[in-house]
Peer 1: 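Mind looking over this structure? Questions follow.
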Amino acid sequence: MTNESNGRKKGKIIVVSAPSGCGKSTIINSILDSGQPELRFSVSATNRRPRPGEVDGVHYHFLTTEQFRDAIAEHKFIEWEEVYPGRFYGTLKSEIERIVDKGGNVILDIDCKGGINVKELYGDRALTIFFLPPSIEELRRRLIDRGTDAPDVIEERVGKAKFEISFADSFDCRVVNDNLDKAIDHTRELITDFIDKD
Ligand code: 5GP
């Protein structure tokens, strides 16, 4: 894939990764809501069940495991990962094309391995940002307060968080979310600078 097509500059790819409970969705939604120019969310595909309030085609494209495997076989993904055992997530080529072909920039909320793969694929056209919690203890407290997961799932997420944080240095930038407003401002600044840069 190249940066230019028919002489028109193609969109930039912003990748955001974080252990769950770092406020990633809140930060992304705030930036999207504040009218960041031509920044659009890439809706991933997954075989996990929707959580209450999640809408198919908005939060994820919810697929069966068979549909997900078919999509892999048909090369429909730019990248995909088994983020949790038996739970698959992937970035659809069609999502990126849908946004970039209209001249937009894309924001991807994907796990750290996927983020590193997208950086390898897009190079300087991609900016990778990693959100860090102030501490593991604070992360566990936030997951408990969120109230969406059972205790064993929370421990699974904390274990996964420790693993993911070990990849933070492979990202272009790191943002510690110890104050939500400051983390939003910092992230918005990183994205704006990157989009404005030639
Ligand atoms: P959740 O189930 O909490 O929505 O997401 C679990 C994890 O999957 C998060 O770390 C999220 O960033 C990651 N994820 C979501 N979509 C994708 C994707 O398309 N590719 C990859 N590699 N990870 C994804």
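What you see is a predicted model; the values in this text were computed from it and never measured. Every number for a ligand or one of its atoms is a count from 1 in the order of the listing.
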Peer 1: Using atom types as modelled and distance alone, determine if a side-chain donor or acceptor of S30 lies under 3.5 Å from a backbone N or O of T26.
Peer 2: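 No; judged by distance alone, with no hydrogens or angles, the pair does not exist.
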
Peer 1: Which residue holds the protein heavy atom closest to atom 5 (O) of ligand 1, what is that atom called, and what is the gap in Å?
Peer 2: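 For this ligand atom, the closest protein heavy atom is Y60 OH, 3.3 Å.
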
Peer 1: Who's closest to atom 23 (N) of ligand 1 heavy-atom-wise, of L108, D111, V43, I78?
Peer 2: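 It is D111 whose heavy atom sits nearest to atom 23 (N) of ligand 1.
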
Peer 1: So, does K113 sit close enough to ligand 1 that a heavy atom of it is under 4.0 Å from the ligand?
Peer 2: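 The answer is no: ligand 1 sits nowhere under 4.0 Å from a heavy atom of K113.
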
Peer 1: Would you check if V16 and K24 make a side-chain contact, meaning some heavy-atom pair closer than 4.5 Å?
Peer 2: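 They are in contact (side-chain heavy atoms under 4.5 Å apart), so the answer is yes.
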
Peer 1: Report the nearest protein non-hydrogen atom to atom 7 (C) of ligand 1: residue, atom name, distance rounded to 0.1 Å.
Peer 2: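 Looking at atom 7 (C) of ligand 1, the protein heavy atom closest to it is V83 CG1, 3.9 Å.
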
Peer 1: Kindly confirm or rule out a cation-pi arrangement of K119 over F171, judged by NZ or CZ under 6.0 Å from the six-membered ring centre and within 45° of its axis?
Peer 2: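 No.
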
Peer 1: Distance to 0.1 Å, residue and atom name: give those for the protein heavy atom nearest to atom 19 (O) of ligand 1.
Peer 2: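 Its nearest protein heavy-atom neighbour is S44 OG, 2.7 Å.
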
Peer 1: At under 4.0 Å between heavy atoms, is it the side chain or the backbone of R49 that contacts ligand 1, or both, or neither?
Peer 2: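 None of R49 does.
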
Peer 1: Just go through E81, R87, E164, E79 and tell me whose heavy atom is the nearest to atom 20 (N) of ligand 1.
Peer 2: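 Among E81, R87, E164, E79, the closest heavy atom to atom 20 (N) of ligand 1 comes from E79.
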
Peer 1: Judged by modelled atom types alone, do R48 and T46 share a side-chain donor-acceptor pair under 3.5 Å?
Peer 2: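 Short answer, no.
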
Peer 1: Among the heavy atoms of R157, does any lie under 4.0 Å from an atom of ligand 1?
Peer 2: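 Yes, that is the case, since the closest heavy atom of the residue is under 4.0 Å from the ligand.
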
Peer 1: For atom 18 (C) of ligand 1, which of the options D149, I110, V118, V16 provides the nearest non-hydrogen atom?
Peer 2: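 It is I110 that holds the nearest heavy atom.
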
Peer 1: Identify the closest protein heavy atom to atom 9 (C) of ligand 1: which residue and atom is it, and at what distance?
Peer 2: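 Here the nearest protein heavy atom works out to K24 NZ, 3.9 Å.
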
Peer 1: For residues I27 and L39: do they belong to one hydrophobic cluster (side chain heavy atoms under 4.5 Å, members Ile, Leu, Val, Met, Phe, Trp, Tyr)?
Peer 2: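 Linked, I27 and L39 end up in one cluster.
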
Peer 1: Would you mind running through ligand 1 and noting each atom that sits below 4.0 Å from a heavy atom of R48?
Peer 2: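 Taking each heavy atom of R48 in turn, ligand 1 has 1 (P), 2 (O), 4 (O) under 4.0 Å.
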
Peer 1: Among all protein non-hydrogen atoms, which one is nearest to atom 3 (O) of ligand 1, and what is the separation to 0.1 Å?
Peer 2: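 Protein heavy atom at minimum distance: R51 NH2, 2.9 Å.
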
Peer 1: When you check the gap from the basic side-chain N to the acidic O, do R87 and E156 get nearer than 4.0 Å?
Peer 2: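 Looking at E156 together with R87, the answer is yes, because their closest N to O distance falls below 4.0 Å.
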
Peer 1: Should N47 and Q67 be marked as a side-chain hydrogen bond (donor to acceptor under 3.5 Å, both in side chains) after you check the CA-CA gap, both sets of side-chain angles, and the distance that decides it?
Peer 2: CA-CA 8 Å; N47 71 335; Q67 287 170 329; over 6 Å; no

Peer 1: Could K12 and F194 be counted as a cation-pi pair, given that NZ or CZ must be under 6.0 Å from the ring centre and within 45° of the axis?
Peer 2: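 The answer is yes; both the distance and angle limits are met.
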
